[in-house]
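Have a look at the structure below before the remarks.
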Amino acid sequence: QMADPFLYDTGERSHYGCLGHEVQIDYLKAYVCRPSFSTDKAVIVAHDVFGWQFPDIRYIVDLIAGHGFITICPDFFKGTKPWTSTDHWADFPDWLKNHDPMKVDKEADVVLKYLKEQCGAKKIGIVGFSWGGMAVHHLMLKNPQLAAGVSHYGIVRDSEERYRLLNPTFFIFGEKDHTISLDQIFLLEDKLKQYCKVPYKIKVYPGQVHGFAQLKPEDMKPDDKPYIEEARRDMIDWIKMFV
């Protein structure tokens with residue numbers, strides 16, 4: 001039995017009543033939440049391995065919308081089965097082959113078009129978590145339409161081309177993340193200093209494990225709560241600064 005190296009406990013979830021609604025965009029389903037006033041600023045949320053219907057991700061969508069952005073989480077898995085907490089870790093590499101976070105360009109374009117044409121969005125940012133954090137790093141290297149990005153504990157690992165970001169990008173990490181070592185974080189920082197021409201930021205939150213930043217308030221441990229709230233504020237501040 002392989003220990004689960006990074007998935008936080010998804011068994012003990014409290015129910016979450018969503019504020020937004022589901023839409024069909026082209027071949028994609030998506031969850032959308034709008035702020036109470038009209039705006040031309042939008043944020044795409046890239047979900048983690050648990051997919052676009054996972055309560056924690058919907059909570060994040062609603063949270064960002066509450067700060068004044070049209071916020072949307074598309075199903076980047078295109079109707080295929082997300083990873084679940086009962087799946088076997090040994091099967092994860094195979095699952096990942098069919099769910100490549102570097103192959104999200106077409107879905108991003110579909111959502112960008114929808115936000116511009118149907119929602120009147122003029123500036124669009126993106127935030128992502130874990131699997132979605134990798135997707136954000138990838139898209140911030142490839143898609144100039146995204147005005148800013150926030151990647152939570154997800155980085156493109158094995159490419160020398162991964163440092164020339166097109167627009168401002170903020171990388172959020174947990175100090176005790178088993179999937180991303182501090183060495184990798186230092187390397188990222190070092191290379192961004194060399195190659196990156198746009199604003200970027202890297203921040204490591206003390207004591208935090210992989211997946212810490214998308215917990216709902218009632219699922220947070222008291223010791224972690226200040227860091228989770230700080231990461232959220234930092235995420236929102238970055239988006240407000242650049243979107």
Side-chain angles (χ1 to χ4, degrees), residues 16-84 95-152 154 156 166-167 169 214 235-236 238-240 242-243:
Y16 180 64
C18 301
L19 306 176
H21 63 283
E22 294 184 4
V23 294
Q24 184 80 36
I25 310 168
D26 203 331
Y27 64 96
L28 290 176
K29 285 195 160 73
Y31 174 71
V32 183
C33 189
R34 289 169 173 267
S36 53
F37 53 87
S38 80
T39 176
D40 60 3
K41 295 172 183 291
V43 174
I44 299 168
V45 174
H47 53 71
D48 62 16
V49 293
F50 300 118
W52 73 296
Q53 290 173 305
F54 197 58
D56 295 19
I57 278 296
R58 299 211 162 178
Y59 170 78
I60 294 288
V61 171
D62 294 355
L63 177 97
I64 295 170
H67 285 275
F69 300 90
I70 302 158
T71 312
I72 183 166
C73 178
D75 176 12
F76 282 104
F77 298 162
K78 301 171 288 215
T80 64
K81 196 170 114 22
W83 187 255
T84 66
W95 180 88
L96 197 59
K97 277 194 199 96
N98 300 314
H99 300 81
D100 184 344
M102 312 307 144
K103 293 192 174 134
V104 289
D105 303 85
K106 191 173 166 219
E107 288 69 49
D109 283 338
V110 167
V111 175
L112 283 160
K113 184 170 189 268
Y114 168 81
L115 288 170
K116 288 174 179 176
E117 293 177 6
Q118 307 298 315
C119 307
K122 292 193 168 54
K123 279 193 98 174
I124 300 166
I126 186 165
V127 307
F129 298 82
S130 184
W131 186 96
M134 287 190 265
V136 166
H137 186 179
H138 167 80
L139 287 166
M140 293 310 292
L141 298 165
K142 300 287 182 203
N143 197 320
Q145 297 179 79
L146 294 161
V150 183
S151 167
H152 298 76
V156 176
L166 300 172
N167 279 311
T169 308
Q214 67 259 49
M235 169 184 76
I236 298 292
W238 190 261
I239 294 165
K240 285 188 167 167
F242 296 110
V243 176

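Closest heavy-atom contact between Gly154 and Ser151: O-OG, 2.5 Å. Considering every non-hydrogen atom in both Cys33 and Leu19, the closest pair reads SG-CB, 4.1 Å. The two residues Phe129 and Ile57 make their nearest non-hydrogen contact at CD1-CD1, 3.8 Å.
By the side chain to side chain donor-acceptor pair (under 3.5 Å) test, Gln53 pairs with no residue at all, sequence neighbours left out. Partners of Lys142 by side chain to side chain donor-acceptor pair (under 3.5 Å), not counting sequence neighbours: none found. Remark: Lys78 pairs with Tyr27, Leu28, Glu107 by the side chain to side chain contact (heavy atoms under 4.5 Å, CB included) rule, at least two apart or across chains. Qualifying ring pair (Phe, Tyr, Trp, His ring centres under 6.0 Å) partners for Phe242, counting only residues two or more places apart in sequence or in other chains: Trp238. Applying the salt bridge (Lys or Arg N to Asp or Glu O under 4.0 Å) rule to Lys113 yields the partners Glu117; only residues at least two apart in sequence or on another chain are considered. The side chain to side chain contact (heavy atoms under 4.5 Å, CB included) check on Thr71 picks up Val43, Val45, Val61, Ile64, Ala65, Phe69, with sequence neighbours excluded.
Note that the CD atom of Gln145 and the CG atom of Leu139 stand 10.5 Å from one another [nearest 0.5 Å]. Leu146 CG to Leu112 CG: the interatomic distance, rounded to the nearest 0.5 Å, is 5.0 Å. Interatomic distance, SG of Cys73 versus NZ of Lys29, reported as 14.0 Å (0.5 Å rounding).
For the residue pair Asp105/His138, the side-chain donor-acceptor check at 3.5 Å is satisfied. No donor-acceptor contact under 3.5 angstrom links the side chains of His152 and Ser130, judged on distance only. Between Asn167 and Asn143, the side chains place no donor N or O within less than 3.5 Å of an acceptor N or O (distance only, hydrogens not considered). For the residue pair Asp109 / Tyr114, no side-chain donor-acceptor distance below 3.5 Å is found, with atom types taken as modelled.
Outside the 6.0 Å centre-distance limit, the rings of His47 and Phe54 are not counted as a close aromatic pair.
Around the NZ atom of Lys103, the shell of radius 6.0 Å holds no more than 12 heavy atoms that belong to other residues, nucleotides or ligands.
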I'd like to know whether Trp83 forms a ring-ring contact (aromatic ring centres under 6.0 Å, His included) with Phe77, so could you lay out the CA-CA distance, the side-chain angles of the two residues, the decisive distance to 0.1 Å, and finally the verdict.
CA-CA 10 Å; Trp83 187 255; Phe77 298 162; over 10 Å; no
